[in-house]
Protein chains: 2
Amino acid sequence: MARQAQTATAVLGVLSIEDLTGYEVRQAITSVLGHFWHESFGQIYPTLAELVRDGLVSAGPGDRARSTRYRITASGRARLRKLLAEPPESQAPRNGLLLRIFFGRSLDDEALADLLDDVESQAGSKLATYSEIRDGIGDDPSFPVHGRYWEATLRAGELAAEAQLRWVAETRAALLTPATLPPL
Amino acid sequence: MARQAQTATAVLGVLSIEDLTGYEVRQAITSVLGHFWHESFGQIYPTLAELVRDGLVSAGPGDRARSTRYRITASGRARLRKLLAEPPESQAPRNGLLLRIFFGRSLDDEALADLLDDVESQAGSKLATYSEIRDGIGDDPSFPVHGRYWEATLRAGELAAEAQLRWVAETRAALLTPATLPPL
DNA sequence: GGGCACATGTAAGCTGTTACATGATTAA
DNA sequence: TTAATCATGTAACAGCTTACATGTGCCC
């Protein structure tokens, strides 16, 4: 996938739902796609400029002075469909948690326990967040169109978080349970 | 965590098990940490040079002409312990699969089905790979020391892959099951 | 002698973040 | 009036990949 194509996909995606300013594009990506996607302003503004240059998005005046509202064009929708049909780029794995676990012998039990506690609490708050999003999902204007897809992405997050919780429990038992049983 | 600290952690980590050439460092990272970590030569050689400069690793002659064997020093081991104790950097999420699912309305059913098929087969082959690694794990010289930690990282991969398989099944049912039942 | 695995390193370039700079609008 | 939020943009830099350049040693 070409340069910035992934960012372009996300930007075109949110603009396919609603006309937005650059600022709102970021808010939409953060609040709606936030549990599996991220973009910074430093990516969004240049990408929007590029999309306008390529005729995939048109720029109109916004509600306030100096603000610009972006609207996806017909060719923008076509490009979005094309981008979505390409196989997802899987990013090279870099899991700092598992790196620490693997070399866990160089870590004392306390540090290892802290690590597992953190994972557990993070997975727990993720589950809470997903549950909140799920409760509010029906109020979103895009619900009738995207609701089922949105729920599928939430479900992926839930299953991943639950798997993490199970892993923490297993790993605590395997690596941290003190040998309390006296030998025969 | 400072510049290149994550790469340095991985490199110091594999050198804490065994003395290696740069080439072997990469092989070790690929084969042993490969299911959750990745480094390219472009990162490894400059990092090794930096580690030598900082006295964390010493460079000795290798088995062949022009090859260099690196050995971790006492301060290198101390640094590794320190690096491992720092909280893992969680990379910003960028899940191309979920991005495509979220905007799945812009995708026809066939493309969606292909996407889910790919995830399923990838998760399946991951499980097969983990199972193979698990079978060979006892033969590795580092097994007595790292075996339990290694197994914990494998288990994380297995649970994640199983969660993905469950998600695919659920998502197929939710998004792709044709409405075959006639209405009352 | 040809091909492959071993071995080292650099340079160019892409992606993305962070910090900075600027200013308008609104609510307390 | 002052703080927060809305809004746009750029510059510097960090991190990483890829391609390139170079050569050794072994096996067929």
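A note on names: the letters A, B, ... follow the listed sequences, proteins ahead of strands, and every chain is numbered from 1.
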Inset, instruction - List the steps and the verdict of salt bridge (Lys or Arg N to Asp or Glu O under 4.0 Å) for B:E86 and A:R100. - result: CA-CA 9 Å; B:E86 287 182 25; A:R100 282 159 180 78; 5.6 Å; no
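When the side-chain nitrogen and oxygen atoms of B:S67 are compared with OP1 and OP2 of C:dT8, none of them lie within a distance under 4.0 Å. B:R69 has no side-chain polar atom (N or O) that falls below the 4.0 Å cut-off from OP1 or OP2 of C:dA7.
Ring orientation note: the planes of B:Y45 and B:F41 are close to parallel, at an angle under 30° on the 30°/60° scale. Using cut-offs of 30° and 60° on the angle between ring planes, the pair A:F103 and B:H146 is perpendicular.
For the pair B:I29 CD1 and D:dC16 C1', the interatomic distance rounds to 14 Å; values are reported in whole Å. Across the protein-nucleic acid pair, B:E50 atom CD and C:dT10 atom P stand 13 Å apart, rounded to whole Å. Regarding A:L48, its CG atom lies at a distance of 13 Å from the P atom of D:dA7, rounded to whole Å. Atom P of nucleotide D:dA7 and atom CG of A:D19 are separated by 14 Å, given to the nearest angstrom. For the pair A:R66 CZ and D:dA7 C1', the computed distance is 10 Å after rounding to whole Å. In this entry the distance linking CD of B:E89 with C1' of C:dG16 reads 14 Å, nearest Å. Note: CD1 (B:I44) to P (C:dC6) measures 14 Å, nearest angstrom. In this structure, CD of B:Q43 is placed 13 Å from P of D:dA14, rounded to the nearest angstrom.
Crowding of A:R134 atom CZ: a count of heavy atoms from other residues, nucleotides or ligands under 6.0 Å exceeding 12.
Summary of the strand contacts: B:Q27 and B:Y70 both lie near DNA chain C, and taking for each the nucleotide with the nearest heavy atom, the more 5' one is attributed to B:Q27. Residue whose closest nucleotide on DNA chain C sits further toward the 5' end, between B:D63 and A:H38: B:D63.
For A:A92, taking side-chain heavy atoms from C-beta onward, the closest of the listed nucleotides D:dA7, C:dT17, D:dT17 is D:dT17. Counting only heavy atoms from C-beta on, B:Y23 has its side chain closest to C:dA7 among D:dA7, C:dA7, D:dC16.
Ion pair B:D54/B:R79 not flagged as a salt bridge, since none of the NZ, NE, NH1 or NH2 atoms sits closer than 4.0 Å to an Asp/Glu carboxylate oxygen.
For D:dT24, its base sits under 3.5 Å from the side chain of B:R64 at one donor and acceptor pair at least.
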